[in-house]
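See structure below.
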Amino acid sequence: MCCPIFSGVMFFNRWMSSWARASEDLFTDRNEINSETLSQAIRAAASEEPDADGSVLFGQLQGTVVGLRYYTGVVNQGEMVGLVREPQNPYDRNAVMVANIYGNQVGHIKRELAAAMAYVMDNKLAKVEGVVHYGTKNKFNMPVMLSFWGKEENKNTVVESMLRRGYKLNTGGIKSAEAFLCFQLKNAFDNLFEGLMESKDGEKEAAKSVATPLLLHQKQALSWMCSRENKCTLPPFWEKRGDLYYNTLTHFSAREVPERVRGGILADDMGLGKTLTTIALILTNFHNGKPLPVEMSVSVNNMKQCKFWARVDKYLKTDLLHLLIPCLNDCLLLLSSVNLQDQFEQHVHANVKLNVYLYYGSERNRSKKFLSSQDVVITTYNVLSADFEVSRGSPLHGIHWLRVVLDEGHTIRNPNAQMSKAVLQLKAQRRWILSGTPIQNSVKDLWTLLAFLRLKPFDVREWWNRVIQRPAMQGDRAGLQNLQTLVKCITLRRTKTSEVNGRPLVSLPEKMVCVEQVELNQQEREEYELARNEGRSTIGRYVAEGTVLRNYADVLAILMRLRQHCCHPDLLAKISSDLGAAATPAELRERLVEKLRLVLASGSDEECSVCLDSVCLPVITHCAHVYCRPCIAKVISTQQGTARCPLCRSDIKETELVEVPLEEMEDESSTHAKKWRTSSKVQALMGNLLRLQSEDRSIKCLVVSQFTRFLSILETPLREHGFSFVRLDGTMSQKKRAQVIQDFQSSAANSPSIMLLSLKAGGVGLNLTAASHVFLMDPAWNPATEEQCIDRCHRLGQKRKVVVTKFIVKDSVEENMVRIQRKKQDLVEKAFGSANTDKKTSRIDDIKALLEL
DNA sequence: ACCGCCGGGTGCC
DNA sequence: ACCGCCGGGTGCC
């Protein structure tokens, strides 16, 4: 097995001097480059560090570190040391190297002991950790207390294998974490981000180039962010002792100042203006506390301007740039990236010209020189990781940025994800994470964030695990306390309900939600009842047979048809027939694709039963159940040839998983071809729109549906009545979206007054504050989706009272859906945490309720 | 490094 | 003199 940390250190030792020599960058001091190189090397190496979850202490053993006089690494009394296998050592393939926190080698473990440890370490039976309690001044060797940690089931193997080689693990006096501490732990997590909003550093005015006036709490955030970038405060747990810098947790000390973290986590609630504050930071705190020098398009003497630019270019074309990475793991969030650009236009003074480049799309300019000439480069996590995987020559990784800002930073919480690895490799002087939800489930999620911020020594996983994660997970009070301190130092978090000087941070205009009942006309009602009775008898049969889950896709298809009836008859254009009737494989495939599309469009099964999270890369099995491709692939590979569908136990094969072909995602042609007709719901909407228009022509509306084909149908009457409208759905390209949003947000007299919005395109970060009225054409299964959509306009920047109208067809499946929505919300509120104990059963109950069975 | 180990010098007491 | 003992050279893995 190779030994990554070791090679990393070697790399550093060999190249350190040349790095230092080469570093003549005006804006970066030497230490920064050096430690950057080292930590990068170590970080890349340490990414294989296993999780410390559920580790128990097997026992301890006094060992010896030898060969001290050959190495420069020193340790303090009580200091933690790392033990790294060194199988390539020419003298002993069992060698175990001892290194301090900075990766400097201290010595080796004595040969015989190393041989015993090598077996345990190489077979991953235990993780061995060392602490030096005394003898740190010794010349030739020193004692080290070794602790063996691992999974309970490996304990005996480890103890016995060490004993066979004459090393007895001392297992006495080990106290295991008490169960009741779990409760405490949960509390501690919940409170981790509490109390972070106490006033930090007063407030700061934004540079003149910021067009939008900052609110008080935003000025406070700006002040905090500037001071995080400019002040030379030591990172948490470091203190100066004599002429040394000492880490109180690891007991490591160094002569050099520990690299400070220029940045942090801005974890304000959604809607408090994190983006605006960040834009203000970019423009206000460029270098040495000076604002970003940007071109003013006011007419100046030409010559003078040229000279000015020559100077500015010198700043900007070096390698000091901003890289903004908005969240982009599905099409909903794509919008947030475009929106970001929109926000630059909105919040930056019109006279100021800022070069903002959107780095995505196949035509993106990969030239390092070009990218370096921009003031701001915006890209997505996907693009970044795609570039990173393709080759070492990823343009974004070749640039030393002034700032890297991660929007929706919690996307990188999984350290094993390619995206996270790509993000961690970015080179930057200042690093920021914007996130509305910093810790979702556990302390584990924090590691990548701290690693990104380069918070020493926790950017190396081992030290994070030993000092913070494991103690915290095991309910150790000091561990939790340290975690809290750590987070507190680098995070600013305010909630919507936080107060400044006794007043709420933001006051949004009032929001009114009303339900408008729609009555079907006689013909619609007859058609609806026909479909309902048919569906009822089919589902009733499934319930009686106990085969609801096996026929889940069918059930959803029935519900789907009923929901479509409620909106418009033309939505039912395609009716999928029974799977069993498929004659050829091609036909079967076609039907499965159709069902998958129905399931996805219905929005009913947003979660994969394997990961219990939203389905990503959806595939459908031959038994018509939908999963994330990676999840079901894992199930299939672990069950080796005898794989069964987790929901219905039918045989499944990897080769039989079907996904929706990309080009098939939407076909509009069929609907356009038919002669247009109206429906009760369409008329209800049009009545509202016409009334509003007559009351106030400046009012803008969002018309939201889950069915993009319904949006298409709505285009006809809107055109007929002369409304100016735009449309935004998931199928549109980034550029098109940006254009549409810009048009809609414009306050020009001839700007569109209506946006047709597909529910799923209304993702986080999308800003549609120009609208003050929202029409939800059809109920969603998940009320949170609706809320999220409403929040696109009921957010900071909204000047008017927001009115939301939900159309619900009377005596229909829609009414029942609303009932179930409420029930689910109650359930979540009442029994928090135990809500997903029996999801499947509750889903069957839901289906019964929907059809009044 | 005030140890252990190695190997050459040496050899009654 | 195929041992023991002495004392100098030496020293991580």
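Letters go in sequence order (proteins before strands), and every chain restarts at 1. Side-chain atoms are counted along with the backbone in the values below, which use heavy atoms only and exclude waters and symmetry mates.
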(request) Please state how far atom NZ in A/Lys110 lies from atom P in C/dC13, giving the value in whole angstrom units. (result) 7 Å
(request) Between B/dC2 and C/dC13, how far apart are the C1' atoms? Round to whole Å, please. (result) 25 Å
(message) As a quick check of understanding, evaluate side chain to side chain contact (heavy atoms under 4.5 Å, CB included) for A/Val144 and A/Thr64, giving each step before the final call.
(response) CA-CA 6 Å; A/Val144 58; A/Thr64 313; over 6 Å; no
(message) Checking A/Arg69 now: which residues fulfil salt bridge (charged side-chain N to carboxylate O under 4.0 Å, His left out) with it, not counting sequence neighbours?
(response) none
(request) Give me the residues of residues 66-75 of chain A where at least one heavy atom lies under 4.0 Å from an atom of DNA chain C, by number, or none. (result) A/Val66, A/Gly67, A/Arg69, A/Tyr70, A/Tyr71
(request) Whole angstrom is fine here: how far is it from CZ in A/Arg93 over to P in C/dC12? (result) 21 Å
(request) Write down the partner of B/dC3 under the Watson-Crick or G-U wobble criteria, each distance required to be under 3.5 Å. (result) C/dG11
(message) Just the rounded figure in Å: distance from P of C/dC13 to OH of A/Tyr91.
(response) 12 Å
(request) Mind calculating the distance between CD (A/Gln88) and C1' (C/dC12) to the nearest angstrom? (result) 18 Å
(request) Determine, for A/Glu160 against A/Lys155, whether the closest basic-nitrogen to carboxylate-oxygen distance falls under 4.0 angstrom. (result) no
(request) Calculate the interatomic distance between A/Arg111 atom CZ and C/dC13 atom P; express it in whole Å. (result) 6 Å
(request) Decide if the gap between the ring center of A/Trp224 and the ring center of A/Trp432 is smaller than 6.0 angstrom. (result) yes
(message) I'd like to know if A/Glu129 pairs up with A/Arg470 as an ion pair, taking the criterion as any Lys NZ or Arg NE/NH1/NH2 lying under 4.0 Å from an Asp or Glu carboxylate oxygen.
(response) yes
(message) Counting the atoms with a prime plus P, OP1 and OP2 as sugar-phosphate, which does A/Asn89 contact under 4.0 Å by heavy atoms, base, sugar-phosphate, or nothing?
(response) base
(message) Counting C-beta onward and ignoring hydrogens, is there a side-chain heavy-atom pair between A/Val81 and A/Val131 closer than 4.5 Å?
(response) no
(request) Could you measure between the two C1' atoms, the one in C/dA1 and the one in C/dC6, and give it in whole Å? (result) 15 Å
(message) Rounding to an integer number of Å, can you tell me how far A/Asn138 CG sits from B/dC2 P?
(response) 14 Å
Side-chain polar contacts of residues 90-101 of chain A - donor-acceptor pairs under 3.5 angstrom, sequence neighbours left out - could you list them?
unit_1, atom_1, unit_2, atom_2, d
A/Asp92, OD1, A/Asn94, N, 2.8
A/Asn100, OD1, A/Tyr102, N, 3.0
A/Asn100, OD1, A/Gly103, N, 3.4
A/Asn100, OD1, A/Asn104, N, 3.2
A/Asn100, ND2, A/Val74, O, 3.2

(request) May I have the distance from A/Met142 (atom CE) to B/dC3 (atom C1'), rounded to whole angstrom? (result) 18 Å
(request) Calculate the interatomic distance between A/Phe140 atom CZ and C/dC13 atom P; express it in whole Å. (result) 14 Å
